[in-house]
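Step one of this worksheet: look at the structure below.
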Amino acid sequence: EVQLVESGGGLVQVGESLRLSCAVSGFTSDDYAIGWFRQAPGKEREGVSCISSSDDNIYLTDSVEGRFTISTDNAKNTVYLQMNSLKPEDTAIYYCAADDYYKGRCSFSSIKSYWGQGIQVTVSS
C-alpha cells in the first residue's frame, strides 16, 4: 500500500520560503507520478505541480511558475515542493498525491490513487 506523509508546512510571512516534503512508501514500480495540490478556504482543490518518472516531466500551474519547484530524491523516497516568494494567496492546505505504475506525462486529473493527509501553509500579510 502506498503511503504519503507531508511535512514542512507552517506559518511564514510574505516573501519567505518553505519546502514541503512528501515521504513516499510502498511504491512497487519505477513508473510513477506525484502531484502537489492545494485547497484554500472556500475554494476547490487545485493542482499545483506534478512530476512523472517516465521522462522526468514536470508541470507547474501558472500561478506558481517561477516561484515553486518540484523535485524528487529517489534515494530518500521523497518529493519536495520548494516554495519561494510566498504570497497570501498561497495560503492553503497542501496535499501530495501519487499514482503507481504511471506512464506518460503527469496530469492532475490522473494522479488520484493515493493521498497524503494534507499540511497547512499560511502566508501572513
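Along the sequence shown, residues carry numbers from 1.
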Do Arg105 and Ser52 make a side-chain contact, defined as non-hydrogen atoms from C-beta onward lying under 4.5 Å apart? no

Nearest heavy atoms of Ser85 and Ser17, plus distance in Å: N-OG, 4.2 Å

Among Leu20, Leu4, Val5, which residue meets the side chain to side chain contact (heavy atoms under 4.5 Å, CB included) test with Cys96? Leu4

Does a side chain donor of either Gln117 or Glu6 reach within less than 3.5 Å of an acceptor in the other side chain? yes

Indicate whether any N or O donor in one side chain lies under 3.5 Å from an N or O acceptor in the other, for Thr61 and Ser63. no

Starting from Val24, can I reach Leu81 by hopping between I/L/V/M/F/W/Y residues whose side chains sit under 4.5 Å apart? yes

Does any non-hydrogen side-chain atom of Ser113 lie less than 4.5 Å from one of Val2? no

How about Ile119 and Tyr95: do any of their side-chain heavy atoms sit closer than 4.5 Å? no

Would you say Ser29's side chain and Asp31's backbone share a donor-acceptor pair under 3.5 angstrom? yes

Flag, side chain of Thr91 to backbone of Val123, donor-acceptor distance under 3.5 Å: yes

Below 4.5 Å, heavy atoms only, C-beta onward: do Val79 and Ile70 meet side chain to side chain? yes

Rounded to the nearest 0.5 Å, what separates atom NZ in Lys87 from atom CG in Asn84? 12.0 Å

Side chain proximity check, Arg45 to Arg38, heavy atoms < 4.5 angstrom: no

With a cut-off of 6.0 Å (strictly less than), are more than 12 heavy atoms of other residues, nucleotides or ligands near CD of Gln13? no

For Met83 and Val48, what are the C-alpha separation, side-chain angles and deciding distance, and is it a side-chain contact (heavy atoms from CB on, under 4.5 Å)? CA-CA 11 Å; Met83 305 184 294; Val48 177; over 6 Å; no

Please check: side-chain N/O of Ser124 versus main-chain N/O of Val12, any donor-acceptor pairing under 3.5 Å? no

Are Tyr32 and Tyr101 close enough that their ring centres sit under 6.0 Å apart? no

Take Tyr114 and Glu1, measure what side-chain contact (heavy atoms from CB on, under 4.5 Å) needs, and give me the verdict at the end. CA-CA 9 Å; Tyr114 307 100; Glu1 179 72 18; 3.6 Å; yes

Show the numbers, then the answer: is there a side-chain contact (heavy atoms from CB on, under 4.5 Å) between Cys50 and Trp36? CA-CA 6 Å; Cys50 62; Trp36 284 99; over 6 Å; no

Minimum side-chain heavy-atom gap Ser107-Tyr102 below 4.5 Å: yes

Run the side-chain contact (heavy atoms from CB on, under 4.5 Å) check on Ser110 and Asp99 step by step: do they pass? CA-CA 8 Å; Ser110 297; Asp99 263 274; 5.7 Å; no

Look at the aromatic rings of Phe37 and Trp115 and report parallel, tilted or perpendicular, splitting at 30° and 60°. tilted

For Glu46, does the CD atom have more than 12 heavy-atom neighbours from other residues, nucleotides or ligands under 6.0 Å away? yes

List the steps and the verdict of side-chain hydrogen bond (donor to acceptor under 3.5 Å, both in side chains) for Asp73 and Thr78. CA-CA 5 Å; Asp73 185 337; Thr78 302; over 6 Å; no

Smallest heavy-atom separation, Cys106 atom then Ile51 atom, equals SG-N, 3.7 Å

Lys NZ or Arg CZ of Arg19 over Tyr80 ring: under 6.0 Å, within 45°: yes

Heavy atoms, side chains only, cut-off 4.5 Å: are Leu18 and Val121 in contact? yes

Run the side-chain hydrogen bond (donor to acceptor under 3.5 Å, both in side chains) test on Thr122 and Gln120 for me, step by step, so that the C-alpha distance in whole Å, both residues' side-chain angles and the decisive distance to 0.1 Å come before the verdict. CA-CA 6 Å; Thr122 302; Gln120 180 70 44; 3.2 Å; yes

Say whether, by atom type as modelled, one donor and one acceptor occur between the side chain of Ser49 and the main chain of Tyr59 under 3.5 angstrom. yes

Does a side-chain heavy-atom distance below 4.5 Å link Asp90 with Pro88? no

